[in-house]
Amino acid sequence: MRRRIVAGNWKMNTTYAEAMDLVEGLKNALTQEVVGDTGVIITPPSVYLSDVVGALVDNEFIAVAAQNVHEKDNGAFTGEISAPMLSSLDVDAIIIGHSERRQYFGESNESCKVKIGQALNNELAAIYCIGETLEERQSGNFMEVILNQCAEGLEGFIADDMDNIILAYEPVWAIGTGEVATPEQAQEVHAGIRAWLAERFDAETAENVSVLYGGSCKPGNAAELFAQPDIDGGLIGGASLNAEDFTGIIKARTNA
Ligand code: PGA
């Protein structure tokens, strides 16, 4: 059975003290009852990863991800961070191809494919983000755009690889805008992604891959999104910066 997951993407937010406070807040809030069988992932800025992993050493509920990774293992790439580095810090996962990386840093499906390979080769899970812009939604061919991101980003991977790949559908027009996709809009895309997975891999793989929704997901709208049959959880931006809000979303996932 596929995993239910709530992942928080802190983006370029928090000072060191704020980050460590947020980790403490989550450690206190996330009990077995709250978490249930929901996998919880937090994604702090990379400079804090080592200390965040350290603070969670005895915590069984919270996994830690990085927000990006470079295509290569090492070398003359000033400012970049590699998958072996993240692996050596005991990080669990990497977000790959977030729309902000695509939009502001020119990431392509092709570079995402290489980065997913880097994650998997270094025993890290990949959270691969896909989603259409407002223009693509309005033009009506958004499903084609999304499935093309799937096809190109996952090119060459086999069904077994999908055990370590999580997909996150994030309509760009809903990210940080307060404009959430309706449960029906999100479900339609998630079902389309799952049908594509069945065709590209097989029915079992399609059934087992977790597909998360992201874009203005909050404690107040999470439950109706998570009630949809193909929405396995959320990738949360703004609301993951507040322990109470993030916990509220986790509760919505656990209780859905
Ligand atoms: P948001 O961001 O929840 O602030 O809309 C979602 C994301 O970018 O992952």
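Every number for a ligand or one of its atoms is a count from 1 in the order of the listing.
Side-chain atoms of Thr43 come within 3.5 Å of backbone atoms of Gly8 as a donor-acceptor pair (strictly under, hydrogens ignored). Under a 3.5 Å cut-off, the side chain of Gln187 and the backbone N or O of Asp230 do form a donor-acceptor pair. Within the 3.5 Å criterion, the main-chain N or O of Leu154 finds a donor-acceptor partner in the side chain of Arg200.
In terms of polar-atom proximity, defined here as any N/O pair under 3.5 Å, Thr177 makes no such contact with ligand 1. Taking only nitrogen or oxygen atoms, main chain and side chain alike, Gly237 reaches within less than 3.5 Å of ligand 1. Considering backbone and side-chain N/O atoms, Lys218 never comes within less than 3.5 Å of an N/O atom of ligand 1.
A heavy-atom distance below 4.5 Å is found between the side chains of His98 and Ile175.
In this view, Arg101 and Glu107 satisfy the side chain to side chain donor-acceptor pair (under 3.5 Å) rule, not counting sequence neighbours.
Annotation for ligand 1: atoms under 4.0 Å from non-hydrogen atoms of Ala174 are 5 (O). Close approach to Gly176 involves these atoms of ligand 1, each under 4.0 Å from a residue heavy atom: 1 (P), 4 (O), 5 (O). Listed by atom number, the atoms of ligand 1 under 4.0 Å from Glu170 heavy atoms are 6 (C), 7 (C), 8 (O), 9 (O).
Pairing each heavy atom of Ser210 with each of Asp232, the nearest pair is CA-OD2, 3.4 Å.
Among all protein heavy atoms, the one lying closest to atom 4 (O) of ligand 1 is Gly238 N, 2.8 Å.
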